[in-house]
Amino acid sequence: MKEKLLGEILLEYRMITEAQLDEALAKQKGSGGEFKLGAVLLSLGYLKEPELQRAFDQYEKRQKFAEILINYKLVTEEELDLAYEMSLDEHISIFRVLLNLDFLNFESLAKAISIHSGLPFIHLSGKMPDIKTGLAKSIIALGVGERKMVPVTIEGRIITIAMSRPLEQKELLRLEDHLNLKVETVIAPEDEIIKTQLFFSVTAAPEPTQVAARASKTTIRDSIQKIVAGEIEAPEFEQESHFVQEIDSLLAKLVNKIIYDAWTKRASDIHIEPAMGKEDITVRMRIDGCCEVYEKLPYRYKYSIPSRLKIMADLDISEKRKPQDGKIVFKKFGPADIELRLATMPTVGGMEDVVLRILNNSDPVEYKNLGLTERNLREFDKAIHQPYGLILVVGPTGSGKTTTLHSAIATINSPKVKIWTVEDPVEITQPGLRQVQVNNRIGLTFATTLRSFLRLDPDVIMVGEMRDEETAAIAVEASLTGHLVFSTLHTNSAPETLTRLLEMGIDPFGFSDSLLCILAQRLTRRLCDKCKEKYTPDDDEWNALVNEYGAKEFVLLGIKRDSVVLARAKGCEYCNSSGYRGRLGIHELQSISDSLKNSIKVRASTDIIRELAIEEGMTTLKQDGIMKVMQGLTDIHEIRRVCIK
């Protein structure tokens, strides 16, 4: 059976007319056969790439890439066999092997890819395209690995993008959605794309995967001392913004090592603290809630390290007078799939401090592992299963409030319940939740998002933080109109939260009726299970524990002294000789009874509300902590560190 030609296939499916086919064949002939018919039809605008792809797929007419290389005499069969063998051995693409062995240059490879994909081949002019820098940067950043991109032209709502490898159809659709533009793609030599990218000063665009590969194989195993030992001499002041690019490889190793070590050490924050003069840079990490000195770096890097971090976060490296904040997607630069929130702050002497918060995008902690006592668990569980009302989790920054909220929401998350969350940032994700990231720059605040939620038919709403009166008022309104609302607040204890809400101007009659419970919490370091030393307390230590708990309340616990075995920190390799590993929650849960509602309505003082809550069974933060000390989970020094009374 005679195999149909591409033109016949397209005519049969009425994708083109005979006149269009004749014009394309004439143009193909005029080019001396350099372009395939499919590429000519695309250039004339008679076909779109998806239509051509469907025609190829239907009749399996697309030539294999290897056949193109042989048929066009770009490589010999022996060279191709060798390249395939090396590709398998080295675990790298056939494209890269052909380039590394000089069997193909960038231009011939691009032409072969053009023929294989049916996309037009072009040479880039070497001039800066007339494209806005912000748009160009976003497109360049999308090109990763073997595929590199750069915009070429934009006319109305159509943008032409040159790339070294073609996009799949679903990737093309995602790109169009991302840019909100119609995208036409062409193939260009990779070296020409990289040169064009440099016009936009995006030196990191071609590097991320190369840097990541180096980091994962060698750099991460090196120590900071080894990396610094091979340093390039840096000036004592930053002469120009391009300096950071000149030693990019060294800085990439140094910064990647710091971030990777912080991640492996389970640190929550990294502090880069340059000093004036020739004092070393201090790098500290917050591990299990406490800052520890990680390393001292040579003063020569006091300008270049902040600049490198700014480049990774796509910030302005020339702006050193104002604070900046951004986000780093570390998998572009190193081997760990994590995100970091970066904040800079100008300090005395023209220095800049940088703080990185490691955002662990993870699953919620299991509800039963929150560490709630039997009474607190019972009361909290009762509240989260109510059909409507307001539940608050309070405490200072970094006390695990969001973790607790997500764990609670996970227990009621089901296909029958519509749950919306607004957070800043979104650190924990769950299937079934509709989650929104706050963006203050465009006016997407907690208040505006929460107001919009009320029109989206929610059952449950989670507000990352009630920062102002407007947000708090809308949250109370939502809880009074049939929604279960979860939120957080920065207060020291559960009773103080009620006073804080009244000070914010919230109507006491409204929120007293809507409020279900307030859970205050802290995180304290947990004793290392591998090395903690158990012991029996002496009289002085026992009496101190009883007095700090409250002698009258302690009697009601019915705990016998001879049944209590305490534990203390010792230190081993597993806990980095600190004696502590991991963190533990201590809690204070205040259920809102009728008597407490009446106290709120008359604006009772914090002390009166606290006494009433304790009478009704509330255990204070310190009392909950002392109970965990008596269970051997932590020690009294940690409880005193995070609790006042």
Side-chain angles (χ1 to χ4, degrees), residues 1-75 95 104 107-125 129 147 149-177 179-189 192-193:
M1 181 178 177
K2 180 179 178 291
E3 188 173 56
K4 291 184 180 180
L5 299 175
L6 175 62
E8 294 173 329
I9 297 169
L10 296 172
L11 286 174
E12 179 181 341
Y13 278 80
R14 298 182 181 179
M15 293 181 177
I16 59 172
T17 65
E18 289 187 5
Q20 289 171 339
L21 177 60
D22 292 341
E23 183 183 350
L25 290 171
K27 185 172 181 179
Q28 182 191 32
K29 185 176 180 180
S31 68
E34 181 179 355
F35 296 107
K36 287 289 186 180
L37 178 61
V40 175
L41 288 165
L42 288 171
S43 67
L44 290 172
Y46 295 151
L47 273 182
K48 299 298 182 184
E49 200 276 336
E51 297 169 335
L52 181 62
Q53 178 65 54
R54 283 200 300 272
F56 278 130
D57 291 344
Q58 181 69 25
Y59 281 85
E60 299 181 346
K61 285 286 294 176
R62 184 185 290 271
Q63 283 182 281
K64 292 181 179 178
F65 186 71
E67 293 174 353
I68 293 172
L69 296 176
I70 299 297
N71 294 342
Y72 283 80
K73 296 182 169 47
L74 296 175
V75 296
F95 304 121
L104 290 178
E107 180 178 345
S108 58
L109 176 60
K111 286 183 177 179
I113 292 172
S114 170
I115 295 168
H116 181 249
S117 64
L119 295 175
F121 169 84
I122 68 166
H123 280 294
L124 299 178
S125 63
R147 183 187 297 123
M149 302 183 192
V150 71
V152 180
T153 59
I154 183 168
E155 296 180 4
R157 304 294 301 168
I158 301 175
I159 186 169
T160 301
I161 300 177
M163 51 189 64
S164 56
R165 307 288 185 271
L167 291 169
E168 298 290 340
Q169 178 63 18
K170 60 183 179 181
E171 295 173 323
L172 178 62
L173 293 175
R174 280 200 297 265
L175 179 60
E176 289 182 334
D177 288 341
L179 300 175
N180 196 24
L181 293 169
K182 177 65 178 175
V183 174
E184 293 187 351
T185 57
V186 294
I187 301 297
E192 294 181 15
I193 292 176

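Keep in mind that this is a model prediction, so the values were computed, not measured.
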S.K.: Might you work through the side-chain contact (heavy atoms from CB on, under 4.5 Å) test for L179 and R174, ending with a clear yes or no?
M.R.: CA-CA 9 Å; L179 300 175; R174 280 200 297 265; over 6 Å; no
S.K.: Rounded to the nearest 0.5 Å, what separates atom CG in L167 from atom CG in L119?
M.R.: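 So the CG of L167 and the CG of L119 are separated by 8.5 Å.
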S.K.: Do V152 and I159 make a side-chain contact, defined as non-hydrogen atoms from C-beta onward lying under 4.5 Å apart?
M.R.: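 Sidechains of I159 and V152: no contact.
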S.K.: Atom CG in L21, atom CG in L25: separation rounded to 0.5 Å?
M.R.: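 If I round to the nearest 0.5 Å, the distance is 4.5 Å.
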S.K.: To the nearest 0.5 Å, tell me how far R157 CZ sits from K182 NZ.
M.R.: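 Going from CZ on R157 over to NZ on K182, the span is 12.5 Å.
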S.K.: Which atom pair, heavy atoms only, marks the closest approach of P120 to S114?
M.R.: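 Minimum heavy-atom contact is C-OG, 3.7 Å.
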S.K.: Starting from the C-alpha separation in whole Å, work towards a yes-or-no answer on side-chain contact (heavy atoms from CB on, under 4.5 Å) for E184 and I158.
M.R.: CA-CA 7 Å; E184 293 187 351; I158 301 175; 3.9 Å; yes
S.K.: Hey, are the side chains of L44 and E23 touching, using non-hydrogen atoms and a 4.5 Å cut-off?
M.R.: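 Side chain of L44 against side chain of E23, heavy atoms only: contact under 4.5 Å found.
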S.K.: Give the minimum heavy-atom separation between L69 and A112, together with the two atoms involved.
M.R.: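 For L69 versus A112, the nearest heavy atoms are CD2-CB, 3.8 Å.
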S.K.: Give me the atom names and distance for the closest heavy-atom approach of A162 to L124.
M.R.: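 So the two residues come closest at CB-CD2, 4.1 Å.
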S.K.: I want to check something: taking the side chain as every heavy atom from C-beta on, are P151 and T160 in contact at a cut-off of under 4.5 Å?
M.R.: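 With C-beta onward as the side chain, the pair stays apart.
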S.K.: So, for V75 and I70, which heavy atoms are closest and what is the spacing to 0.1 Å?
M.R.: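 The answer is O-CD1, 3.6 Å.
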S.K.: Which pair of heavy atoms, one from L41 and one from Q20, lies closest together, and at what distance?
M.R.: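 Minimum heavy-atom separation between L41 and Q20: CD2-O, 4.3 Å.
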S.K.: Apply side-chain contact (heavy atoms from CB on, under 4.5 Å) to I161 and V150, showing your working.
M.R.: CA-CA 6 Å; I161 300 177; V150 71; over 6 Å; no
S.K.: Taking all non-hydrogen atoms of both residues, which atom of I113 and which atom of S164 are closest, and how far apart?
M.R.: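 For I113 versus S164, the nearest heavy atoms are CD1-O, 3.4 Å.
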S.K.: Could you tell me whether K111 and E107 make a salt bridge, using a distance below 4.0 angstrom between a side-chain N and a carboxylate O?
M.R.: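 Salt bridge: yes.
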S.K.: State, yes or no, whether a side-chain contact exists between E176 and L181 at a heavy-atom distance under 4.5 Å.
M.R.: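 Not in contact.
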S.K.: Flag the pair Y72 / S108 as yes when at least one side-chain heavy-atom distance between them is below 4.5 Å, and no otherwise.
M.R.: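 A side-chain contact under 4.5 Å is absent here.
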